[in-house]
Amino acid sequence: MNSFIRKFKKKDIVDDSGRISWISPSNIALVKYWGKFGDQLPSNPSISLTLNEAKTTMDFSWSPKDKDSTEVQLDFYFEGKKNESFQEKISKYLVKHFDYFPFLRYISLEIESTNTFPHSAGIASSASSMSALALGLCTIESEVFGLDLSQEEIKRKATFMARLASGSACRSIYGGVVSWGDFEHQLINSTNEIAGEVLELDEVFKTYQDTILIVDSGQKAVSSRAGHALMTEHPFSQIRFSNARTNIEKIIKAMQTADLLEFCNIVESEALELHGLMMNSNPSFILMRPNTLAIIERIRDFRERTSLPVCFTLDAGPNVHILYPENISEQVKEFIISELSSFTESNKIIYDHVGTGPERYL
């Protein structure tokens, strides 16, 4: 993807100071990405729903450096406070990929970031934050050098750059249903390097609901990066990668035909397989909590009692995403309040739904 590396000189700068802001959402994978190779390339393709309320707001300010240099000059603030660990992580990312952002030779950055949901609790905070970061950086490049790039041109580079920061972040660049990874299907235009929207699905998925029950807002026991690394030597890795491809075929068909019960079966199977892989890896990790299992049991019982297409999924953490179509929202929300809220941490519930993707507001 050398087309994303552009060569500039200082004389090309048209705006060496300014400020922009991006809001970028998290996403929830239906078919999970678990395992990678090379430079943040997925061992299997994945499909996700882009959310609307679980999101990161990132404000960027830039100003001229005193002297042109390859040194990255960055100040990073998270929720109003200087955050050295996040700053170090982003600085390392910028140093590693300096060639993709030539403006870094000439300007210093200040970034302020806030989340609408708990960080590092298994709600893909890296997806929302790293997609916001990539969108901001790609927009700054366009403005510093007066490129006048279209939103789609910026997004295409941003999905590539977001992947290099956090794999699943590349899916948050687009709204609706998004795929990432090489997969031969007429509705999928993603590759291992960039994500893409999945179109021509049933209308019900444009407004699909995702209610997130926060069982534990603390930092999860193992990072996603470490979890992916465990797949390299995992005895069931090839079976997993094959299952993912099969499930993508099945779930696209279910989403084209609005077969919501089949959709539920695939989504739940994917979630449990992800956690099963963690439990029988070496070393092994149990990321679910007793209340996670209690919620899962009650969701399945509710679906059996009512025949309503309500299902759960999980990221690599203990918190539960409840997926359901908008037209049964009232019944499902009553069920959540009456039967599930007691299993959450201090009644922490995020009512979310499929969104249209990131938004620039400054």
Side-chain angles (χ1 to χ4, degrees), residues 4 6 15-28 48-63 72-81 83 86-87 89-91 93-94 97 100-104 107-117 119 123-176 178 180 194-197 350 352-362:
F4 292 139
R6 303 181 177 100
D15 188 357
D16 61 1
S17 64
R19 184 182 176 196
I20 62 166
S21 297
W22 275 93
I23 301 176
S24 193
S26 182
N27 67 76
I28 180 64
S48 62
L49 301 177
T50 298
L51 301 180
N52 192 73
E53 302 301 325
K55 56 194 176 185
T56 295
T57 298
M58 201 167 279
D59 299 320
F60 302 80
S61 300
W62 67 95
S63 57
V72 171
Q73 294 183 1
L74 169 68
D75 288 315
F76 186 86
Y77 298 85
F78 180 65
E79 298 187 343
K81 298 180 181 179
N83 191 298
F86 285 6
Q87 179 170 309
K89 179 180 179 180
I90 293 173
S91 293
Y93 166 77
L94 295 177
H97 303 295
Y100 287 103
F101 299 121
F103 60 84
L104 292 172
I107 67 172
S108 60
L109 288 171
E110 181 176 291
I111 301 175
E112 299 182 20
S113 181
T114 58
N115 284 353
T116 61
F117 59 99
H119 171 73
I123 316 178
S125 59
S126 64
S128 60
S129 60
M130 293 300 101
S131 58
L133 177 68
L135 285 162
L137 293 171
C138 293
T139 304
I140 292 171
E141 178 188 42
S142 179
E143 300 202 354
V144 167
F145 295 115
L147 302 179
D148 195 28
L149 297 177
S150 69
Q151 286 290 305
E152 183 53 37
E153 287 174 310
I154 288 173
K155 284 185 175 182
R156 187 169 174 82
K157 180 171 180 176
T159 190
F160 177 85
M161 296 310 306
R163 171 184 61 80
L164 295 175
S166 172
S168 61
C170 71
R171 297 191 307 244
S172 281
I173 299 296
Y174 296 100
V178 182
W180 170 38
I194 62 172
E197 293 175 283
I350 300 173
D352 212 332
H353 56 88
V354 172
T356 55
E359 178 183 359
R360 180 181 174 181
Y361 70 96
L362 180 66

For the [atom1] atom of [X] and the [atom2] atom of [Y], what is their distance to the nearest 0.5 Å?
X: Trp22; Y: Ser128; atom1: CH2; atom2: OG; value: 14.5 Å
X: Phe101; Y: Ile140; atom1: CZ; atom2: CD1; value: 9.0 Å
X: Ile173; Y: Arg163; atom1: CD1; atom2: CZ; value: 12.0 Å
X: Phe117; Y: Leu51; atom1: CZ; atom2: CG; value: 8.5 Å
X: Leu135; Y: Ile20; atom1: CG; atom2: CD1; value: 8.5 Å
X: Glu141; Y: Ile154; atom1: CD; atom2: CD1; value: 9.0 Å

Pair Thr50-Asn27, side-chain donor/acceptor within less than 3.5 Å: no
Check whether any side-chain heavy atom of [X] sits under 4.5 Å from a side-chain heavy atom of [Y], and report yes or no.
X: Leu109; Y: Leu104; value: yes
X: Ile111; Y: Leu74; value: yes
X: Glu153; Y: Leu147; value: no
X: His97; Y: Phe4; value: no
X: Phe78; Y: Ser129; value: no
X: Trp62; Y: Phe103; value: no
X: Thr56; Y: Ser24; value: no

Shortest non-hydrogen contact between [X] and [Y], atoms and distance:
X: Glu197; Y: Gly175; result: OE2-O, 3.7 Å
X: Ser168; Y: Trp180; result: N-CZ3, 4.0 Å
X: Cys170; Y: Ala195; result: O-CB, 3.4 Å
X: Ala127; Y: Ser166; result: N-OG, 4.5 Å
X: Ser113; Y: Phe76; result: CB-CZ, 3.7 Å

Heavy-atom donor-acceptor pair, [X] side chain to [Y] backbone, under 3.5 Å:
X: Glu112; Y: Tyr77; result: no
X: Ser142; Y: Leu149; result: yes
X: Asp352; Y: Asn52; result: yes
X: Thr159; Y: Arg156; result: no
X: Asp75; Y: Glu110; result: no
X: Lys155; Y: Pro358; result: no
X: Ser63; Y: Ser17; result: no
X: Ser26; Y: Ala54; result: no

Contacts of Thr116 that satisfy side chain to side chain contact (heavy atoms under 4.5 Å, CB included) - sequence neighbours left out: Lys55
Residue pair Tyr93, Leu137: steps toward the side-chain contact (heavy atoms from CB on, under 4.5 Å) verdict: CA-CA 12 Å; Tyr93 166 77; Leu137 293 171; 4.1 Å; yes
Pairwise salt bridge (Lys or Arg N to Asp or Glu O under 4.0 Å) hits with a residue in residues 353-362, at least two apart: Glu143-Arg360
